[in-house]
Amino acid sequence: MHELSVCQALISQVEDIARQHQAEGIRHIIVRIGPLSGVEPELLIQAFPLASAGTVAQDSQLIIERLPIRVHCESCGADTDAELNKLVCGACGDWHTKLLSGDEMLLASVELAKTENSYV
């Protein structure tokens, strides 16, 4: 389960952000994951309580936004959504495509708790 190590790296990044902003805690962590990233969102959610235990993110909520697979067609020039294991152009059906997105895992945002009633 490499999602635990991915989650530990995520927590480390979030701790750095909290430290830079002198935050007392973290409310929400939003991560965007594409289906070709190699990370299983469900396993990441399961690993989160273990990875965040004892950190400033311990009481935070992990929110995952799933990204679509997008391709650029080198034949017709269209940018379209594609399916997993079927990276063909949605406009003309050609297979000469270039992956635009869907293989990423991004830390999109972090809501920090500066004081009990003040959030960043």
Side-chain angles (χ1 to χ4, degrees):
M1 179 165 127
H2 86 288
E3 279 74 7
L4 179 58
S5 61
V6 170
C7 203
Q8 289 170 327
L10 175 68
I11 295 298
S12 177
Q13 187 177 7
V14 169
E15 284 183 314
D16 288 345
I17 293 169
R19 196 172 13 261
Q20 289 170 3
H21 294 278
Q22 300 171 343
E24 296 174 357
I26 298 170
R27 303 286 278 168
H28 299 102
I29 302 168
I30 299 176
V31 176
R32 295 183 179 139
I33 300 176
L36 301 174
S37 68
V39 176
E40 288 293 330
E42 292 77 17
L43 294 177
L44 196 65
I45 290 169
Q46 290 177 10
F48 185 74
L50 182 61
S52 66
T55 71
V56 293
Q58 179 171 306
D59 297 324
S60 65
Q61 179 184 14
L62 177 64
I63 300 169
I64 295 180
E65 296 177 354
R66 297 168 195 263
L67 298 174
I69 299 171
R70 299 275 300 166
V71 294
H72 174 77
C73 182
E74 296 178 2
S75 297
C76 74
D79 293 341
T80 61
D81 287 344
E83 297 175 24
L84 192 64
N85 297 325
K86 191 176 179 186
L87 304 179
V88 298
C89 176
C92 71
D94 195 282
W95 59 272
H96 293 99
T97 59
K98 184 177 176 181
L99 185 65
L100 296 176
S101 68
D103 62 344
E104 62 274 73
M105 177 183 157
L106 304 170
L107 174 59
S109 70
V110 178
E111 184 181 31
L112 303 174
K114 297 269 305 192
T115 62
E116 190 170 302
N117 295 322
S118 168
Y119 299 102
V120 176

Pairs of donor and acceptor atoms involving the side chains of residues 95-109, under 3.5 Å and at least two apart or interchain, shall be tabulated with distances.
residue	atom	partner	partner atom	Å
H96	ND1	D94	OD1	2.7
T97	OG1	L87	O	2.6
E104	OE1	G102	N	2.5

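T80 approaches A91 most closely through the heavy-atom pair CG2-N, 3.9 Å. Counting all heavy atoms, side chain and backbone alike, F48 lies closest to C7 at CA-SG, 3.5 Å. Contact record, R32 with E65: NE-OE1, 2.8 Å, taken as the closest heavy-atom pair. Residue S60 comes nearest to H28 through the heavy atom pair CB-N, 4.4 Å, listed as atom of the first residue, atom of the second, then distance.
Put simply, L62 and I17 are part of the same group of oily side chains (I, L, V, M, F, W, Y) that touch within less than 4.5 Å, one to the next. A continuous path of Ile, Leu, Val, Met, Phe, Trp and Tyr side chains, each step under 4.5 Å between heavy atoms, connects I45 with V31, placing both in one hydrophobic cluster. I64 and I29 end up in the same hydrophobic cluster when Ile, Leu, Val, Met, Phe, Trp and Tyr side chains are linked at under 4.5 Å.
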Exercise. Check the pair C89, S75 against side-chain contact (heavy atoms from CB on, under 4.5 Å), reporting the backbone distance first and the verdict last.
Key: CA-CA 9 Å; C89 176; S75 297; over 6 Å; no
Practice problem: Just do the side-chain contact (heavy atoms from CB on, under 4.5 Å) check on Q58 and I26 with the steps written out, would you? | Solution: CA-CA 8 Å; Q58 179 171 306; I26 298 170; over 6 Å; no
Quiz item: Where do I33 and L44 land on the side-chain contact (heavy atoms from CB on, under 4.5 Å) test, with the steps shown first?
Solution: CA-CA 10 Å; I33 300 176; L44 196 65; 3.7 Å; yes
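Partners of E15 according to the side chain to side chain contact (heavy atoms under 4.5 Å, CB included) rule, which considers only residues two or more places apart in sequence or in another chain, are I11, R19, T55, V56. For P68, the side chain to side chain contact (heavy atoms under 4.5 Å, CB included) test picks out R70, D81, with sequence neighbours left out. Residues meeting the side chain to side chain contact (heavy atoms under 4.5 Å, CB included) test with L84, sequence neighbours left out: P35, L36, I69. Take H72 and apply the side-chain hydrogen bond (donor to acceptor under 3.5 Å, both in side chains) test, not counting sequence neighbours, and it matches D79.
Judged as a side-chain hydrogen bond (donor to acceptor under 3.5 Å, both in side chains), the pairs with a partner in residues 33-43 (not counting sequence neighbours) are, in order, E42-R66.
Rounding to the nearest 0.5 angstrom, the gap separating the CZ atom in R27 from the CD atom in Q61 is 9.5 Å.
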